[in-house]
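Input: a single structure, listed below in structure tokens.
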Amino acid sequence: MIVQGQTTIFHYNILNGLENLAVGSPYTYNLALYTADASLSSSTLAYTTDNEVVGSGYSAGGIALSLAGTSYDTISNVAYASFADALWSPASFTCRGGLIYNSNTGASVCVLDFGSDKTATSFFRVTFPANNAYNAIIRLV
């Protein structure tokens, strides 16, 4: 089962200065894709190869994400960050969700549930929400 949300270890790592989502950070964040048989949730500690997608155009570990930036909204009191869209091309595979993780440490950041199996036949794109206080993929209240 895949349950979407930020992971508890990400919250812990943020509080302990072990994550840095700022543009220019020494850390790289990846998005790995998983089948419906994966078990991912807020308790997922780290990147795993268990039930990771296998298919044409996909390599274990997923792809590196580009940070879209971080900011803070004084009206809503929310700090936020997001990523540029992720694209696999060419691609031929089926996935149900994903895991964003720190590729330097392996620590998980958040789980994505696509709602149903998604099948790629030529390319696969994960579109991230707008990078603002109300929509960003990572929001700290």
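Just so it is clear, the model here is predicted, and its values are computed rather than measured.
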Treating [X] as the side-chain partner and [Y] as the backbone partner, does any N or O pair qualify as donor plus acceptor under 3.5 Å?
{"X": "Tyr29", "Y": "Leu67", "answer": "no"}
{"X": "Asn104", "Y": "Thr28", "answer": "yes"}
{"X": "Ser108", "Y": "Thr44", "answer": "yes"}
{"X": "Asn13", "Y": "Glu19", "answer": "no"}
{"X": "Asn20", "Y": "Ala22", "answer": "yes"}
{"X": "Asn30", "Y": "Gly61", "answer": "yes"}

Give the cluster check for [X] versus [Y]: same hydrophobic cluster or not, with ILVMFWY residues linked at side-chain heavy-atom distances below 4.5 Å.
{"X": "Tyr27", "Y": "Leu140", "answer": "yes"}
{"X": "Leu40", "Y": "Tyr101", "answer": "yes"}
{"X": "Leu65", "Y": "Leu99", "answer": "no"}
{"X": "Phe128", "Y": "Val23", "answer": "yes"}

In Å, rounded to the nearest 0.5 Å, how long is the span from [atom1] of [X] to [atom2] of [Y]?
{"X": "Trp88", "Y": "Ile63", "atom1": "CH2", "atom2": "CD1", "value": "4.0 Å"}
{"X": "Ser103", "Y": "Tyr47", "atom1": "OG", "atom2": "OH", "value": "11.0 Å"}
{"X": "Ile9", "Y": "Ile14", "atom1": "CD1", "atom2": "CD1", "value": "11.5 Å"}
{"X": "Tyr12", "Y": "Leu45", "atom1": "OH", "atom2": "CG", "value": "11.5 Å"}
{"X": "Tyr80", "Y": "Ser71", "atom1": "OH", "atom2": "OG", "value": "3.5 Å"}

query = Among Asn131, Leu31, Val126, Ile100, which residue meets the side chain to side chain contact (heavy atoms under 4.5 Å, CB included) test with Phe83?
reply =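 When side chain to side chain contact (heavy atoms under 4.5 Å, CB included) is applied between Phe83 and each of Asn131, Leu31, Val126, Ile100, only Ile100 qualifies.
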
task = Going by the side chain to side chain contact (heavy atoms under 4.5 Å, CB included) test, name the single residue among Val111, Thr48, Thr49 that passes it with Tyr34.
result =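 Going through Val111, Thr48, Thr49 one by one, the side chain to side chain contact (heavy atoms under 4.5 Å, CB included) with Tyr34 is satisfied by Thr48 alone.
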
Show the nearest heavy-atom pair for residues [X] and [Y], with the distance to one decimal.
{"X": "Leu33", "Y": "Tyr58", "result": "N-OH, 2.8 Å"}
{"X": "Arg125", "Y": "Asp85", "result": "CD-OD2, 4.1 Å"}
{"X": "Gln6", "Y": "Ile138", "result": "NE2-CA, 3.6 Å"}
{"X": "Asn102", "Y": "Leu18", "result": "ND2-O, 4.3 Å"}
{"X": "Ser82", "Y": "Pro129", "result": "OG-O, 3.5 Å"}
{"X": "Ala81", "Y": "Thr70", "result": "CB-CG2, 3.5 Å"}

With heavy-atom distances below 4.5 Å as the criterion, would you say the side chains of [X] and [Y] are in contact?
{"X": "Cys95", "Y": "Phe114", "result": "yes"}
{"X": "Asp73", "Y": "Tyr134", "result": "yes"}
{"X": "Val53", "Y": "Thr94", "result": "no"}

Given Thr35, Asp113, Asn51, Asp117, the one that forms side-chain hydrogen bond (donor to acceptor under 3.5 Å, both in side chains) with Arg96 =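 It is Asp113, the one option of Thr35, Asp113, Asn51, Asp117 that forms the side-chain hydrogen bond (donor to acceptor under 3.5 Å, both in side chains) with Arg96.
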
query = Does any donor atom in the side chain of Tyr72 or Asn77 lie under 3.5 Å from an acceptor atom in the other side chain?
reply =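 Judged by distance alone, the side chains do pair up.
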
